[in-house]
Amino acid sequence: MSNIIKIDNISSPELIPYAASNEVQLKHFYEPELGIFIAESPKVIRLALDAEYEPISLLIEQKYINGQAADIVQRCGNVPIYTAESSVLTEITGFKLTQGVLCAMKRRPLPTVEEICRNAARIVVLEDVMNQTNVGAIIRSAAALDIDAVLLTPSCSDPLYRRSVRVSMGNVFKIPWTYFEYGSPDYILKLKQMEFITAAMALHSNTVDIDDKNLCQEKKIAVILGTEGEGLRNSTIENCDYTVKIPMARGVDSLNVAAASAVAFWQLRKNIM
């Protein structure tokens, strides 16, 4: 039987995860244990459950309990299910729930870089990408266009932050990802030790086009993407095997990093199908 708890105010401490605006605090919610994250919308929550993330509680608009979220309520077993009318939920979360369902879930230990790269042929590395929307969009494209894994440098935004999860359309739960360790040796060297050819996406001298024949024939490629504006570090570009550009028309100098990632993934995918 479902553990449904009707609420009419925002004072309950159990609702703190849903009202918290600082997602770093959620990430460290149970320190020294792993923290939590919030999955938003029925589709995203289902994908997280499919990936065997453990639910802690649900926050649901009352009309959805026996409606579009009925299967989620059943799958979550006896976890607390907090419910109220839309106006109360808006007061708690600070925004209107467009799809009426939030789920607090436990984080899991991340795999090592070596584990998720062991059988990979095409991976993407995000260097210092801090925009949550870009992180989510890149992960969505990576999952859709047959990239095997996503690696992030320590300063990147967390893929389990709410906006990243939402923008990824839950695909953050479909593709392996992890961080390079803090204080680890140069990550480009680590990639080369795992026999990846490294391709820096950058507007720089000595570039090759994304459809370069030699690049596309490489058996193991790591596509390196940098943050908006500043792009990749000069040291990263200098240490990569290729510096790669997407040819532009009409004098446009570049694409948004998320759009550029989709173009690169598609071009490299076509040549290994």
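All figures in this text were calculated on a predicted structure; none of them were measured in a lab. Counting from 1, the numbers follow the sequence of the chain as shown.
L225 and V208 fall within a single hydrophobic cluster, where Ile, Leu, Val, Met, Phe, Trp and Tyr side chains are chained together by heavy-atom contacts under 4.5 Å. V263 and L203 fall into different hydrophobic clusters, where Ile, Leu, Val, Met, Phe, Trp and Tyr are joined by side-chain heavy atoms under 4.5 Å apart, directly or via other members. If you chain together hydrophobic residues whose side chains sit under 4.5 Å apart, L49 and F173 fall into the same group. Connection of L34 to L152 is not established within any shared hydrophobic cluster, with ILVMFWY side chains joined at heavy-atom distances below 4.5 Å, either directly or through further cluster members.
A heavy-atom distance below 4.5 Å is not found between the side chains of I221 and F196. Side-chain contact between I36 and I56 is present, with at least one heavy-atom pair separated by less than 4.5 Å. Within the 4.5 Å cutoff, no side-chain heavy atoms of Q132 are placed close to those of R162. Taking the side chain as every heavy atom from C-beta outward, N206 and T243 never approach each other to under 4.5 Å. When side chains are defined from C-beta on, V129 does not count as touching S157, because their heavy atoms never get closer than 4.5 Å. Proximity of K192 to I197: side-chain heavy atoms (C-beta onward) are nowhere separated by under 4.5 Å. Side-chain contact between M194 and I123 is absent, with no heavy-atom pair separated by less than 4.5 Å. Side-chain atoms of D148 and N119, non-hydrogen and from C-beta on, never get closer than 4.5 Å to each other.
We find that E114 and K190 are joined by a salt bridge, their nearest charged nitrogen and carboxylate oxygen being less than 4.0 Å apart. Electrostatic pairing of R163 and D158 does not count as a salt bridge here, judged by no charged N lying under 4.0 Å from a carboxylate O.
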- request: Would you check, one step at a time, whether the test side-chain contact (heavy atoms from CB on, under 4.5 Å) holds for K106 with Y53?
  value: CA-CA 7 Å; K106 289 185 179 180; Y53 280 88; over 6 Å; no

Exercise for the section: Please test V172 against V135 for side-chain contact (heavy atoms from CB on, under 4.5 Å), starting from the C-alpha separation and ending with a verdict. Expected result: CA-CA 10 Å; V172 67; V135 170; over 6 Å; no

Worked check of side-chain contact (heavy atoms from CB on, under 4.5 Å) between C156 and M130 | CA-CA 5 Å; C156 282; M130 293 170 280; over 6 Å; no

Checking T83 against Y64 for the side chain to side chain donor-acceptor pair (under 3.5 Å) test, could you report, in this order, the C-alpha distance in whole Å, the side-chain angles of both residues, the deciding distance, and whether it holds? CA-CA 9 Å; T83 184; Y64 293 128; over 6 Å; no

Could you check W177 against L160 for side-chain contact (heavy atoms from CB on, under 4.5 Å), going step by step and ending with a plain yes or no? CA-CA 11 Å; W177 62 270; L160 290 183; 3.7 Å; yes

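Shown here for V79 and P55, the closest heavy-atom pair between the two residues is CG1-O, 3.6 Å. Among all heavy-atom pairs drawn from A142 and V150, the shortest one is CB-CG2, 4.1 Å. Nearest heavy-atom pair, I138 versus F265, reported as atom, atom and distance to 0.1 Å: O-CE1, 3.9 Å. Listed here is the closest heavy atom pair of S164 and P159: CB-O, 3.5 Å. The heavy-atom pair separating A48 from M105 by the smallest distance is CB-SD, 3.4 Å. Taking all atoms of both residues into account, the shortest heavy-atom contact from V165 to S168 is O-OG, 2.9 Å.
Summarising the geometry, atom CZ belonging to R140 is positioned 5.0 Å from atom CE belonging to M169; distances are rounded to the nearest 0.5 Å. Here the CD1 atom belonging to I147 is positioned 7.5 Å from the CZ atom belonging to R122, to the nearest 0.5 angstrom. Distance CD1/I210 to CE/M201: 4.5 Å, rounded to 0.5 Å. Atom CZ of residue R166 and atom CD1 of residue I38 lie 12.0 Å apart, to the nearest 0.5 angstrom. Distance check: I188 CD1 to E238 CD gives 11.5 Å after rounding to the nearest 0.5 Å. I4 CD1 to N66 CG: the interatomic distance, rounded to the nearest 0.5 Å, is 7.0 Å.
If you look at Y161 and F37, their ring centroids are not closer than 6.0 Å.
Residue K245 qualifies as open at atom NZ: its count of foreign heavy atoms under 6.0 Å is 12 or below. Within a 6.0 Å sphere centred on CZ of R46, heavy atoms belonging to other residues, nucleotides or ligands number more than 12.
Using modelled atom types, one finds a donor on one side chain and an acceptor on the other under 3.5 Å when comparing E127 with T236. Between D128 and S155, the side chains place a donor N or O and an acceptor N or O closer than 3.5 Å (distance only, hydrogens not considered). A donor atom on one side chain and an acceptor atom on the other are not found under 3.5 Å apart for N131 and E228. Side chains of T207 and Y242: a donor-acceptor N/O pair is absent below 3.5 angstrom, by distance only.
Under the 3.5 Å distance criterion, the side-chain polar atoms of D212 are matched with a main-chain donor or acceptor of L215. A donor-acceptor pair is defined here as one N or O able to donate and one able to accept, closer than 3.5 Å; no such pair exists between the side chain of D209 and the backbone of D211. A distance-only check finds a donor-acceptor pair linking the side chain of E115 to the backbone of T112 [under 3.5 Å]. Checked by atom type and distance alone, the side chain of T178 never pairs as donor or acceptor with a backbone atom of L151 at under 3.5 Å.
Applying side-chain contact (heavy atoms from CB on, under 4.5 Å) to V101 and the options I45, V44, I81 leaves one that passes, I45. With L58 as the fixed residue, the side-chain contact (heavy atoms from CB on, under 4.5 Å) test singles out one of I72, N3, I65: I72.
A cation-pi arrangement is present between K27 and Y179, with the terminal nitrogen or guanidinium carbon under 6.0 Å from the aromatic centre and inside a 45° cone about the axis.
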